[in-house]
Every structure is written in structure tokens, then in C-alpha cells.
Amino acid sequence: QVQLVESGGGLVQAGGSLRLSCAASGRTFSSYAMAWFRQAPGKEREFVAGISWVAGGTGYANSVKGRFTISRDNAKNTVDLQMNSLKPEDTAVYLCAASTRLLPTTTQYDYGYWGQGTQVTVSS
């Protein structure tokens, strides 16, 4: 079992940066692939970035590639999302998710554990 709590959201101007953090509880955190998804009002939940539990392999949505960086610290049970050059279209609730798969996937249904989410608002 894994419980996830996100933090670090807020209001930022376009071009600014935010760092989100996901704190996980559970002794087997290091065995889960982790990911960040986001959901804007009236839109489907979409994959943002993911990281495997071995070798730290990562994947990103095309819309954030080059701007966002996902990282994990298995000793601290945390997964962070560094978001730079933010755009108004990045505005959404950002959710942390955990999967028992080896590698992260872009499909939300592959993730069995979710946090409550943190709001990110980017003003123009």
C-alpha cells in the first residue's frame, strides 16, 4: 500500500517556475513506478511525466518536454516535478500517482494509487 500527498502548487506568472513534491508513505515505495498527471476543468486527465523505480528512467508528455523535470528520492520517499517556463495552458490540478509496473505508462488506469492533487495556476 502507498499513500501519496502532493504539495508545492500555487499561482505563478507565465514564464515562472514551481516545484511540486509528492510524499509517499509505505515501505515499498522504491518498487513503484511514479508519475504526475494533470487535469484542467472540463478536460480529461493527462499524463505529464513518469519515472521508473529502477535506473530512474523518465518519460514526458510532448507538451512539457524540455520544461519539466521529474525526479525521485527513494531514501526520502519523494517524487518531485520541477516546472520551468510555465504557460497558462499548464494550469490544472496536478496529481501524483503510483503504479506497481516496472516502467511508468501514460495511461491513468495503470496507476492504483493517487494523491488528492495540488492546484497550479499560471497567469498570463
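Between the CD1 atom of Ile51 and the CZ atom of Arg72 there is a distance of 6.0 Å, given to the nearest 0.5 Å. Here Tyr60 contributes atom OH and Thr106 contributes atom OG1; the two are 15.0 Å apart, rounded to the nearest 0.5 Å. Here the straight-line distance linking atom CG of Asp110 with atom OG of Ser99 works out to 6.0 Å at 0.5 Å rounding. Note that CE of Met34 is 5.0 Å distant from CG of Leu4, once rounded to the nearest 0.5 Å. Taken to the nearest 0.5 Å, the CG atom of Leu81 stands 11.0 Å off from the OG1 atom of Thr118.
Within the 4.5 Å cutoff, side-chain heavy atoms of Val120 are placed close to those of Leu20. Contact annotation: the side chain of Met83 never approaches that of Thr69 to less than 4.5 Å [non-hydrogen atoms, C-beta and beyond]. For the pair Gln116 and Val5, the minimum side-chain heavy-atom distance is 4.5 Å or more.
For Lys43, there are no side chain to side chain donor-acceptor pair (under 3.5 Å) partners two or more places apart in sequence or in a different chain. Shown here are the side chain to side chain donor-acceptor pair (under 3.5 Å) partners of Tyr94, two or more places apart in sequence or in another chain: Arg38. For Tyr113, the ring pair (Phe, Tyr, Trp, His ring centres under 6.0 Å) partners are Tyr32, not counting sequence neighbours. For Phe47, the ring pair (Phe, Tyr, Trp, His ring centres under 6.0 Å) partners at least two apart in sequence or on another chain are Phe37.
Contacts classified as disulfide bond (SG atoms under 2.5 Å apart) and involving residues 90-124 (residues at least two apart or in different chains) are given here: Cys22-Cys96. Pairs of residues two or more places apart, or lying in two chains, that qualify as side chain to side chain donor-acceptor pair (under 3.5 Å) and include a residue from residues 5-18 are Ser17-Asn84.
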